[in-house]
Amino acid sequence: MSRLSTKTLSRGAAYLLVGGGALLMLAPFYFMFVFATQSNAAIFNVPPPLWFDGELGRNLQTLTTRLPFWRNLGWSLYVALMSTVLTLLFCSMAGYAFAMLEFRFKQPLFLLVMGTLLVPPFMTMIPNFMVMDALGWLDTHRALYIPGAAGAFGIYLVRQFAAASVPMELLKAARMDGCSEFGIYWRIALPLLRPALGTLGLITFIASWNNFMAPLVVLRQAESYTLPLALRSLQATVNTEWGAIMAGSAIATLPLIVLFVISSRQLIAGLTAGAVK
Amino acid sequence: MMMKKTRPSFRLPRAWVPYLLLSPFLALFSIFGLFPLLFSLWMAFQSWEPTAGLEAMRFTGLENFIFVLGDAWFWKALGNTLWLAVFSGLPQHLVALPLAVFINRAFGRHGHSVAAAYFLPYITSTVAIAMMFTSLLSTDYGLINALLKWAFGMEAINWLWQPQTLKPAVAMVVFWRYVGFNLVLYLAALQTIPRELYQAAKLDGAGSWSCFRYITLPALKPMMLFGITLSIIGGMQLFEEPFILTNGRGGPDQAAMTVAIYVYRLAFDFSDFGAANAISWLLFALLATMTWLTNRAFKDRKP
């Protein structure tokens, strides 16, 4: 065999490997959606069903009798939106200050912000519970969206972007025209920061939507559960209703897939921003 | 644009503005960051029955730490965690790095679209995913056993209900979830390597292995450090995947009880907040040491 054709052959094999790997990665999602449309009995067939059926409505009905499902979905949406809005506001304020303004203690304060990145999330699990208990915030949703709203990652993201793309001259000019400092932030810097805020908003929404540990510790009543907690509460009930669980999981996953398809490039860039030297 | 002063406006002194902009961070950090951490450190030295109220707290010195270090369950949880961190973390990099090199060479600038399929598990809900895998791994009706039987005629494996298969199953789910993230990291690093370097090396007669060994690998080193550090930090804190796959209990013979799960159970199932906080701080110290050692290992040894 000539050198060229062995080369094309091995290249073809490599393409197959990469493509096959990608299919393997996506397969669990495919079956999540397939099982969501199957009756519980059909899922237990050997071999299991490989294609969609028409039982989605029935599965949703089971889901809504076992759980306050739509309410749980609503809480997830509410918490994710609240944490997104607050994060964008607080992180843009702090990030803008670190990038554009000069003040005493700027360096130590920034070191403090970055230092909070070193604290592993599970370290705050128990003390967080104690603080919520002391504040009387247990079983409330503000316990989920307020504490992390001025997170170091967001502040860092905004600071980096602002330093690179908001020209200092613009601020000087606005100052000379008599614009207030807060006006400069709100009317000049914020619009310029829009791309960074878009990325940060996406990341915050997704993280909040998926959050499991904080609601697990803070929320008590099924009525106030967010989606991940509600789904998990279906585990190990006497008859595990896999069709219903998969329908719920599919609904919890679908918004993220849509967000990802619309904005994968921006999202990946933001999530890996910490790696940029 | 003219910004005439038409109203008598009250203006904050300019020096205050930065602190005002930082005030949400400072307030939230003090209440929900610094205070809880100090409180947790303090609690690690106390004996406390939560139902008896805060007054029942009693200083016991190092007793919690001594208890934890003599506790067989703690060592078991630590062993499990290390096992899971190694066998889910190492394969992530062993697969992601060559895959990234190949995707970059074959697809160039479009590599990111190919990598997207691998990245999707990273952004989706762990709970939904773990529930999905619980179904896929179920013994009698799970798709994975059905496929193994169809392809190799294998007997059904009791994946989640025997210690020797539970650990690999959890590691596989974790691998599946994070391999794409590392792939994207490596891809990003590869795209910053100038093509001229390879052309020059080719002219000097370098083969593709030497190119990889002497150009690609050194250029990827900072990203490897970053990715491996993240894998260690994440692996040592594994919580959600084993928690869901074992229904919150750690599985048969506690084979998938990680340190984070043990901390959770100590506090919320057994009400031992003192010991739980002591373990948190022990794990933090271990994590800091491991991160430091990784950084040292990757440091260039200059002559």
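Chain A is the first sequence line, chain B the second, and so forth, proteins listed ahead of strands; every chain is numbered from 1.
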Out of B/A146, B/A106, B/A189, return the one with the most heavy atom pairs under 4.5 angstrom to chain A.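 That would be B/A106.
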Do the ring planes of [X] and [Y] sit parallel (below 30°), tilted (30 to 60°) or perpendicular (above 60°)?
X	Y	result
B/F107	A/Y15	perpendicular
B/F268	B/Y264	tilted
B/F119	B/Y122	tilted

Measuring heavy-atom distances to chain A, does [X] have an atom under 4.5 Å in its side chain, in its backbone, in both, or in neither?
X	answer
B/L38	neither
B/L230	neither
B/T134	both
B/I103	side chain
B/L99	side chain
B/I244	both
B/V95	neither
B/A188	neither
B/A116	both
B/I279	neither
B/M43	side chain

Do the side chains of [Y] and [X] get nearer than 4.5 Å, heavy atoms only?
X	Y	result
A/I206	A/L259	yes
B/F133	B/L160	no
A/F29	B/P121	yes
A/F182	B/L20	no

Answer yes or no on whether A/R159 is positioned over the face of A/Y96, meaning its NZ or CZ is under 6.0 Å from the six-membered ring centre and within 45° of the axis. no
Under a 4.5 Å cutoff for heavy-atom pairs, which residue among [options] has the most contacts with chain B?
options	value
A/F212, A/F31, A/F105	A/F212
A/T116, A/I126, A/L109, A/L231	A/I126
A/L267, A/L112, A/L86	A/L112
A/R265, A/K106, A/R175, A/M100	A/R175
A/M132, A/M130, A/M246	A/M130
A/L216, A/V131, A/V217, A/L229	A/L216

Answer with yes or no after comparing the ring centroid distance for B/F239 and A/F122 against a 6.0 Å cut-off, counting only values under it.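 No; A/F122 has its ring centre 6.0 Å or more from that of B/F239.
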Using non-hydrogen atoms and a 4.5 Å limit, figure out which bit of [X] sits close to chain B: side chain, backbone, both or neither.
X	value
A/L17	backbone
A/P255	neither
A/A173	neither

Exceeds 12 heavy-atom contacts within 6.0 angstrom, atom CH2 of A/W186: no
Can you tell me if B/S40 and B/W281 form a side-chain donor-acceptor pair at under 3.5 Å? yes
Short side-chain donor-acceptor distance under 3.5 Å, A/S92 and A/Y185: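 A pair is found: one side chain offers a donor N or O, the other an acceptor, under 3.5 Å apart.
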